[in-house]
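Here is the structure we will look at, set down as structure tokens.
Please read all numbers here as calculations on a predicted model, not as lab measurements. In what follows, every chain begins at residue 1, and chains take the letters A, B, ... in the order their sequences are listed.
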There are 2 protein chains.
Amino acid sequence: MLVQTLAQEISQLEANLCSAFADPTRILILYSLNEHPRNVTEITNDLGSNQPTISRHLKILRDHGLVNTARQGVTITYSLADSRLIQALDLLRSVLHDTLTSKANLIVEIKS
Amino acid sequence: MLVQTLAQEISQLEANLCSAFADPTRILILYSLNEHPRNVTEITNDLGSNQPTISRHLKILRDHGLVNTARQGVTITYSLADSRLIQALDLLRSVLHDTLTSKANLIVEIKS
DNA sequence: TTCAAATATGCGTGCATACTCATTTTAGTG
DNA sequence: CACTAAAATGAGTATGCACGCATATTTGAA
């Protein structure tokens with residue numbers, strides 16, 4: 001049926017978007033850009049990684065429309081495309097926090 | 001430095017969590033469970049997939065703590081562990097919507 | 001046009017994951 | 001215990017992704 005196929009396509013797009021988040025370096029980049037826009041060299045130094053790696057991750061974020069670019073001469077400044085991305089990441093982070101907390105409490109209960 | 005390492009560990013956990021979302025079948029499962037809890041057979045029929053595939057995806061969701069299980073005799077009912085997961089997915093879906101809309105408008109502009 | 005800095009990309013390798021098919025485990029029932 | 005339905009897992013295969021290294025492209029300036 002059409003609706004079924006539509007739902008599948010939407011979830012496919014959504015999964016694609018999520019796969020852009022499925023890398024710790026890219027998450028750090030997004031949080032870094034949430035503070036303020038940065039160029040590639042600044043991001044590289046900020047994360048302590050090497051330039052080609054950062055450039056590739058930026059390309060992935062760009063292809064997914066998660067970041068915007070602005071060229072100034074020879075440097076390219078990247079910025080966060082949408083603050084809701086950080087909202088979503090913060091939501092997941094809070095879920096993560098609660099999960100870890102409850103696990104920690106379980107350990108305490110088992111020991112007592 | 002310690003803070004740097006801590007941020008990296010958190011983003012690693014967050015990326016792990018996001019990789020659980022990076023599959024269209026798992027997203028469909030989560031939205032399906034958001035309606036109401038279901039057992040494996042029901043999910044399989046609902047998504048029109050085959051049982052081993054669904055079972056594997058459920059294991060991944062389980063390992064990430066995104067779903068809870070309750071055994072009733074021979075069937076196991078799965079339920080959504082935290083509604084914030086759907087909140088986060090809905091946020092991403094709205095970002096996706098806006099991205100596609102602006103792309104569509106670009107096409108209109110180019111044609112005129 | 002030659003050089004230098006900033007950014008992007010080609011290539012090879014290793015690792016993780018998803019799928020299909022068959023089989024196994026688990027739990028309830030006669 | 002034998003049988004059946006539900007759910008999970010093992011094996012093999014294919015695909016995609018991330019990284020490191022080297023190199024290419026782009027832009028501005030001398």
Side-chain angles (χ1 to χ4, degrees), chain A residues 8-9 11-30 32-33 36-81, chain B residues 8-9 11-30 32-33 36-81:
Chain A
Q8 283 174 354
E9 281 193 34
S11 65
Q12 174 70 63
L13 291 171
E14 208 165 355
N16 267 342
L17 182 54
C18 289
S19 71
F21 291 102
D23 183 280
T25 302
R26 289 199 288 273
I27 292 193
L28 286 173
I29 290 176
L30 290 174
S32 173
L33 294 183
H36 58 77
R38 285 179 161 92
N39 62 43
V40 181
T41 304
E42 289 170 338
I43 298 171
T44 300
N45 295 334
D46 189 32
L47 301 196
S49 186
N50 57 357
Q51 183 266 321
T53 295
I54 296 298
S55 206
R56 267 176 227 283
H57 284 303
L58 286 173
K59 173 174 174 51
I60 292 173
L61 294 174
R62 224 188 315 133
D63 289 347
H64 283 84
L66 307 190
V67 296
N68 295 323
T69 59
R71 178 180 280 276
Q72 295 128 0
V74 76
T75 73
I76 298 179
T77 299
Y78 281 79
S79 58
L80 191 67
Chain B
Q8 283 174 355
E9 281 194 34
S11 65
Q12 173 70 63
L13 290 171
E14 209 166 354
N16 266 341
L17 182 54
C18 289
S19 71
F21 290 102
D23 184 280
T25 302
R26 288 198 288 273
I27 292 195
L28 287 173
I29 291 175
L30 290 174
S32 173
L33 294 183
H36 57 78
R38 285 180 162 91
N39 63 43
V40 179
T41 303
E42 289 170 339
I43 298 172
T44 300
N45 295 333
D46 189 32
L47 301 197
S49 186
N50 58 358
Q51 183 265 323
T53 295
I54 296 298
S55 208
R56 270 175 225 283
H57 284 303
L58 286 173
K59 174 175 174 54
I60 292 173
L61 294 174
R62 225 187 315 132
D63 289 347
H64 283 85
L66 307 190
V67 296
N68 295 321
T69 59
R71 179 180 279 277
Q72 294 127 0
V74 76
T75 73
I76 298 178
T77 299
Y78 282 78
S79 58
L80 191 66

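- The separation between B:Ile29 atom CD1 and D:dA7 atom P is 13 Å, rounded to whole Å.
- Whole-Å rounding puts the B:His64 NE2 to C:dT17 C1' distance at 12 Å.
- Rounded to an integer number of Å, the gap from CD1 of A:Ile54 to P of D:dC19 is 9 Å.
- Regarding contacts with the backbone of C:dT7, a side-chain N or O of A:Thr41 is found under 4.0 angstrom from either OP1 or OP2.
- Side chains of A:Ile60 and A:His64 form a contact here, defined as non-hydrogen atoms less than 4.5 Å apart.
- Looking at heavy atoms from C-beta onward, B:Ile54 lies in side-chain contact with B:Thr25 at the 4.5 angstrom threshold.
- When the P atom of C:dA16 is taken as reference, atom CD1 of B:Ile60 falls 14 Å away, rounded to whole Å.
- Among the heavy atoms of the strands lying under 4.0 Å from A:Thr53 are primed sugar atoms or P, OP1, OP2 only; no base atom is included.
- Side-chain N/O atoms of A:Arg71 include none lying less than 4.0 angstrom from OP1 or OP2 on C:dT7.
- At a threshold of 4.0 angstrom between heavy atoms, the contacts of B:Thr75 are confined to the sugar-phosphate backbone, with no base atom among them.
- A close approach under 4.0 Å does not occur between any side-chain nitrogen or oxygen of B:Tyr78 and OP1 or OP2 of D:dA6.
- Minimum heavy-atom separation, B:Ser32 to B:Asp46: OG-OD2, 3.0 Å.
- Distance NE2 (A:His57) to C1' (D:dG16): 14 Å, rounded to an integer number of Å.
- With contacts defined as side-chain heavy-atom distances shorter than 4.5 Å, the pair A:Glu14/A:Leu17 does not qualify.
- Residue A:Pro52 is the one, among A:Val74 and A:Pro52, whose nearest nucleotide of DNA chain D lies closer to the 5' end (criterion: closest heavy atom).
- When the nucleotides D:dA11, C:dT9, D:dA7 are ranked by their closest atom to the side chain of A:Lys59, C:dT9 comes out on top.
- Between A:Gln51 atom CD and C:dT9 atom C1' there is a gap of 10 Å when expressed in whole angstrom units.
- Contact of the B:Ile43 side chain with the B:Leu33 side chain is registered, since non-hydrogen atoms from C-beta on lie closer than 4.5 Å.
- The side chain of A:Val40 approaches C:dA8 more closely than any other nucleotide in the set C:dC19, C:dA8, D:dA8.
- Remark: C1' of D:dC17 and CZ of A:Arg26 are 9 Å apart, rounded to the nearest angstrom.
- Per the geometry, CD1 belonging to A:Ile43 stands 13 Å off C1' belonging to C:dA6, to the nearest Å.
- The phosphate of D:dG20 has OP1 or OP2 within less than 4.0 Å of a side-chain N or O from A:Asn50.
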